Amino acid sequence: MGMDFVMNHVWLRPLFMSVLVVTAVMTTCAWSIWFERKLSARMQNRLGPTIVGPAGLLQPLADALKMLRKEILIPRDADPWLFRLAPPLVLFCTVAALAVVPWSETIYIADLDVGILWVLALAGLMLLPIWIAGWASNNKYALFGGMRAVAQGISYEIPLLLSAMVPVILAGSLNLKDIVRFQHDHGWFVLWPPGIGLVAFVVFFVTSLAEANRIPFDVPEAESELIAGISVEYTAMNLGLFPMAEYVHTLISSAVAATLFLGGWDGPFFDATWYDGVVWMVLKTGVLFVFIYVLRWSLVRFRSDQLMYACWVWLLPLALGLVGAAAVWVKLTQGQG
Amino acid sequence: MAQLAFGLVAAAMLGSGLLAVRSRNLVHAVLWLAVSLIATAAAYVLLSAPFLAAMQILLYTGGVVTLMLFGVMLTDHRHDGGAPGRLSNDSAPQRPWLGAFFAAALFGVVAAALYQTPLPVPAAALDASTARLGELVLGDHLVAFEAISVLLLAALLGAVALARKTDP
């Protein structure tokens, strides 16, 4: 009775789901930092964290405690309010996208009709606090980082939007749950329409990596040129919020890619319970998430101009062509549109 | 409840809009404008038009405000008087009548549109769902939609022509 009451309540349900999903995602992200350090260490024939806890498992807790205990410094010439406001806003814009990601038929926070637009709008909105962090620091490296982040973000947003429109056109809905249900009935979009779906998935994945500022697209951070860019003047937990937002963003990008192209929670074996399908969704998200780490420690960074060239000359026309191809496919297979 | 929500959103829109106009710091002005635009998106949500709200954030706050910041960063403010990024009207010619004229013209257009709308609007005409919007924009009003696209393109080309000082 208790669970059913919560699950059917108008605002208890979203509240319960928010707490559940955000806690799960934040915890995953904290330990994914441990996982990434271990993975990169193994890839480079090192050991990684070993001291705190068995196999260094308590390292994220130690890092968090260290961050919390440090002093928050605000540079004399910084814009004090914007400087303080930027890191929480970056994290807010990132976490808010979780609201529409469906983890299964029943595990989601909000069933929004414009779900995918909400995710993309927040990805665009996130550029603003990132730029604010760079500008308010009143440091040339930070400002360069901020400008690079915005230039990169606003460029890659266009192919990201266009490639996300391919599943939308095919499924005929902006609602992420509808898109998953459509894939359940007609097959995952990574498999069909032949070629179009797969290429759209690759374009979406690559551009969402760029939106999340992950290697090989992390030119706004570029510690070898910009000594970490926007976060250079930040200390303590203010500094910690940037990587936290980045990890959450990476996780959400993986989850959205899994939802749009890999069939979301759809898959064999798991059905009929209230947590139906969440296993598949977590598995698919996890595979993409880990793949991003493997990429990060395998590739080198693009130069800023190469990044822009790749976007405007290759990805944008490709994404436009994909949208056109998807529209033609729908027209041809469904008779009249 | 709806009245209270609308009141809060309207206050946020007007307050941040006022701050955007009054702010002496150009970057602060642009950021207040962003707040005002987000509040407008909230107003769309209250009017049950989530598609418009998402587009408002995607295009205006994510796109236009970002481009404005580019404009601020890429233009030369050393001749504006004072520190970089500080606004000052001292060196610019004062033309308050021009601003008043455009404000009055905009108000006239909006007031005329409001005056011609029969209120209250019948419920059937209030369908702001994404599908209905798509049908209206790309069906009934396709010509107007395309005309606006061409207008925007012309404005873009005009801006490029004005900004470029010499021919390459």
Side-chain angles (χ1 to χ4, degrees), chain A residues 77 79 81-82 85-86 89 92-93 96-97 99-100 110-136 138 140 143-144 146-158 160-161 164 168-169 172-175 178 211 327 337, chain B residues 1 16 19 23-42 44-45 47-75 77 83-86 127-135 138-139:
Chain A
D77 292 336
D79 192 312
W81 284 106
L82 289 179
L85 200 61
L89 274 183
F92 170 80
C93 289
V100 293
D111 189 10
L112 211 59
D113 269 343
V114 292
I116 182 63
L117 284 182
W118 171 255
V119 174
L120 297 169
L122 282 168
L125 188 59
M126 201 186 72
L127 298 173
L128 217 51
I130 288 182
W131 185 86
I132 293 173
W135 184 79
N138 209 350
K140 61 186 167 208
L143 187 56
F144 269 128
M147 287 311 286
R148 278 187 181 187
V150 172
Q152 176 183 339
I154 205 165
S155 308
Y156 275 83
E157 200 175 298
I158 304 168
L160 180 76
L161 260 166
V168 170
I169 290 171
S173 172
L174 291 163
N175 184 322
D178 284 351
E211 280 279 310
Chain B
M1 190 67 188
S16 51
L19 283 165
S23 184
R24 299 289 284 180
N25 185 317
L26 194 51
V27 171
H28 289 178
V30 173
L31 294 176
W32 278 119
L33 178 67
V35 175
S36 181
L37 292 171
I38 294 174
T40 314
Y44 288 149
V45 172
L47 293 169
S48 325
F51 180 77
L52 273 187
M55 278 301 163
Q56 171 83 8
I57 292 180
L58 192 66
L59 295 179
Y60 283 90
T61 323
V64 171
V65 168
T66 315
L67 286 178
M68 281 181 163
L69 290 175
F70 263 94
V72 174
M73 298 314 292
L74 295 178
T75 45
H77 297 281
R86 296 273 156 196
D127 181 13
S129 71
T130 313
R132 183 86 189 104
L133 273 176
E135 278 165 16
L138 294 175

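Numbered from 1 within each chain, the chains take letters A, B, ... in sequence-line order. Everything numeric here is computed off the predicted structure, so don't read it as measured data.
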Handout entry: Partner residues of A:Ser155 under the side chain to side chain donor-acceptor pair (under 3.5 Å) criterion, sequence neighbours left out
Key =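 For A:Ser155, the residues satisfying side chain to side chain donor-acceptor pair (under 3.5 Å) (neighbours in sequence not counted) are A:Trp312.
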Most heavy-atom pairs under 4.5 Å with chain A, out of B:Leu31, B:Ile38, B:Leu69, B:Leu67, belong to B:Leu69
Sidechain-backbone polar pair: B:Thr40 side chain, B:Ser36 backbone, donor-acceptor under 3.5 Å:
yes
Q.
If we ignore hydrogens and angles and just use 3.5 Å, is the side chain of A:Asp178 paired with the main-chain N or O of A:Ser173 as donor and acceptor?
A. no
Around atom CZ of B:Phe70, are there more than 12 heavy atoms from other residues, nucleotides or ligands closer than 6.0 Å?
yes
message: Just checking B:Met68: does its CE atom have more than 12 heavy atoms from other residues, nucleotides or ligands closer to it than 6.0 angstrom?
response: no
- request: Check A:Leu127 against A:Ala149 and note the closest heavy-atom contact, atom names and distance.
  value: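 The pair with the smallest heavy-atom distance is CD2-O, 3.7 Å.
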Compare every heavy atom of A:Pro129 with every heavy atom of A:Cys93, then report the nearest pair and how far apart it is.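 Where A:Cys93 meets A:Pro129 most closely, the heavy atoms are SG-CG, 4.2 Å.
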Taken in chain and number order and not counting sequence neighbours, the residues that satisfy salt bridge (Lys or Arg N to Asp or Glu O under 4.0 Å) with A:Asp79 are none
B:Met73 and A:Val150, any side-chain heavy atoms less than 4.5 Å apart: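 When only atoms from C-beta onward are counted, B:Met73 and A:Val150 do not touch, as no gap falls below 4.5 Å.
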Point to revise | Gap between atom CD1 of A:Ile132 and atom CG of A:Leu85 - 0.5 Å precision | key: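 The CG atom of A:Leu85 sits 6.5 Å away from the CD1 atom of A:Ile132.
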- Task: Enter the distance from A:Leu82:CG to A:Trp131:CH2 here, rounded to the nearest 0.5 Å.
- Result: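 If I round to the nearest 0.5 Å, the distance is 9.0 Å.
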> What part of A:Met147 is in contact with chain B, defined as an atom under 4.5 angstrom from a non-hydrogen atom: side chain, backbone, both or neither?
Replying inline: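 Looking at A:Met147, backbone and side chain both touch chain B.
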Honestly, the part of A:Leu174 sitting under 4.5 Å from a heavy atom of chain B is side chain
Checking heavy-atom separations under 4.5 Å from chain A, one finds in residues 56-66 of chain B B:Ile57, B:Leu58, B:Thr61, B:Gly62, B:Gly63, B:Val65, B:Thr66
Ordered numerically, the heavy-atom neighbours of chain B under 4.5 Å found in residues 117-124 of chain A are A:Leu117, A:Leu120, A:Ala121, A:Gly124
